[in-house]
Amino acid sequence: MTENNPKNEEKRSLNFIEEIIEEDIRTGKNNSRVHTRFPPEPNGYLHIGHAKSICLNFGLGKKYNGKTNLRFDDTNPVKEDIEYVDSIMEDVRWLGFDWEDRLFYASDYFEQLYEYALILIRKGKAFVCDMSAEEIAETRGAPTRPGTESPYRNRTVEENLELFTKMRAGVFPDGSKVLRAKIGMNSPNMHMRDPVLYRIIHATHHRTGDKWCIYPMYDFAHGQSDSIERITHSICTLEFEVHRPLYDWFIKEIGIYAPRQIEFARLNLSYTVMSKRKLLELVKEGYVSGWDDPRMPTICGLRRRGYTPESIRNFADIIGVAKRDNVIDVSLLEFCVREDLNKRADRRMAVLNPLKVIIDNYPDGPGEEMEAINNPEDETKGKRKIPFSRELFIEQEDFMEDPPAKFFRLAPGREVRLKYAYIVRCENFIKDSETGKITEVHCTYDPMTKSGMPNSSRKVKGTLHWVSAQYAIRAEVRLYERLFNKENPDDMPEGQSYKDCINPESLHLVNGFIEPAAENSQVLDKYQFERIGYFSVDKDSSPQNLIFNRVVSLKDSWTKMEKVK
Ligand code: ATP
Ligand code: MG
């Protein structure tokens, strides 16, 4: 997707996966066919790490005129749910990808996988074992110490066939028996030590209902599912490298088509947790408002926050694919959305921390309209009118009673330009004697300084954004900060967990004012609030009660602060 990224116009060199694929195409492997898949387990919502994998798999399918399947690896009925299936499909589509008619489920292959298990049993390569899960774990040994063989390992083929058939028929209770591969207990690779292939779970599956009470292990389903779908390049994350010999063993012993597995480093982001278990805890324990809380790294959270599919695809493209684990700075993701919204988002003026300004020499009454450019990056977005009136709001922080020399905003006796309007001069101000807070600033304006007037080009050092107190509309604005205040929440000191570095300041609610042009905003409309940042209309927003989420501030102020420290 290099073409979506203007900063990256020169053709980038191939990544190591593309090199493998191009070599396979060149040598005519699989008749030069390219077929990838994205294989989520429907046990949670997708996050930005999955987005990386989606962009990679679908991106390769597209680039090499191939195909990409969406396959749910739904082998564990206890943790999986249709809610997750639906959300995953929505997220993949939203990211801009299409599996066409290739939507599959590992559960569609349960019968086939059962047949594969029978093949192994008949070859004397699998046996029914009565040990408990704990006993199996205890006898596995350690990487430097061989395990011990199960006492059930030498059951006859007939006995195994009979027991396995009975397992399927529901004769035995959960946990009483498993089917294991017969490979060896002294392999240096722990995954090869007579691994479990099937377990008994009397639970209702979200697709197969109560048809099955034995379920294949992920390891016994994944590689074979790839094989059944004739996937050419089975791309997965690094932790599966050690599973590869086992997948290859299954494929060889069963005697079926062999996809090529290629591992890449999973995406890790600073200031972010990505484990589904932890994300689920954040939701269940109420640290966030739900899977789509705009502080979550989930795709639905990013979408609600105001991220665009283009910005996420561009991010995936920029980070590329690595062979070694690494951590990407989350500010790179923020950079990508800022870049995209800069081109896409209309400008509006909004004041989040209002201070009233009264222009004493401006006539009372309806005021006038000023012309403003919607997006200086995109002429086709046109212009709009902004009402100007005698009473305005500016930001509290744009006024100082006793400023330092380099303060180029409003202060007693100083002049500023109000963007798209006049130059004003501060004459005096009113201060609450009890709180010390400035409550009102009085100015005069120079009528000759607006656009089209003789002194319109007169220069002053500062330009401020503003809204008309008379016409501005109220809006709830949700200012988000990072959810964690430690760079690596997964790596906390002994006795602490990622929950100990949750940022208590990750959400600030303010009631701001926004120019009336934003009145009819629809959910997910995006704006740049001038001088403040990018904002997106929240899903709970309505015309009576506008709610904006801050997507990202205008500049990367956070990183700068870190550098100063
Ligand atoms: P788990 O298996 O622990 O439930 P998972 O994050 O691996 O969690 P899956 O649903 O199995 O979830 O993942 C689907 C696909 O997304 C897999 O191919 C996986 O390798 C990939 N994936 C998951 N997390 C990341 C990540 N952080 N970066 C890149 N790819 C990822
Ligand atoms: Mg997984």
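Numbers here simply count residues along the sequence, with the first being 1. Ligands are counted one by one from 1 in listed order, and the atoms in each one are counted from 1 as well. Quantities reported herein were computed from a predicted structural model and do not represent experimental measurements.
Listed by chain and number, the residues in a salt bridge (Lys or Arg N to Asp or Glu O under 4.0 Å) with Glu281 are Arg277, Lys499 (sequence neighbours excluded).
Of the candidates Arg305, Arg482, Arg550, Glu334 forms a salt bridge (Lys or Arg N to Asp or Glu O under 4.0 Å) with just one, namely Arg482.
Ring pair Tyr218/His222 is parallel by interplanar angle, where below 30° counts as parallel and above 60° as perpendicular.
At a heavy-atom cutoff of 4.0 Å, ligand 1 is contacted by no atom of Arg277, backbone or side chain. Only the side chain of Asn43 comes within 4.0 Å of ligand 1, counting heavy atoms alone; its backbone N, CA, C and O stay farther away. Neither the backbone nor the side chain of Ser275 has any atom closer than 4.0 Å to an atom of ligand 1 (non-hydrogen atoms only). With a 4.0 Å cut-off on non-hydrogen atoms, Phe38 touches ligand 1 through its side chain and not its backbone. At a heavy-atom cutoff of 4.0 Å, ligand 1 is contacted by the side chain of Lys276 but not by its backbone.
The atoms of ligand 1 that sit less than 4.0 Å from any heavy atom of Glu41 are 4 (O), 9 (P), 10 (O). Below 4.0 Å from some heavy atom of Ser53 lie the following atoms of ligand 1, by number and element: 16 (O), 21 (C), 30 (N). Within the listing of ligand 1, atoms 20 (O), 29 (C), 30 (N), 31 (C) sit less than 4.0 angstrom from a heavy atom of Thr237.
Around the NZ atom of Lys526, the shell of radius 6.0 Å holds more than 12 heavy atoms that belong to other residues, nucleotides or ligands. More than 12 heavy-atom neighbours from other residues, nucleotides or ligands sit within 6.0 angstrom of NZ on Lys123.
Among Met274, His222, Arg266, the residue whose heavy atom lies nearest to atom 25 (C) of ligand 1 is Arg266.
In summary, Glu149 and Lys182 do not engage in a salt bridge, as defined by a charged side-chain N under 4.0 Å from a carboxylate O.
Within the structure, salt bridge (Lys or Arg N to Asp or Glu O under 4.0 Å) contacts touching residues 217-233 (residues at least two apart or in different chains) are Arg37-Asp226, Arg71-Asp226, Arg71-Glu229.
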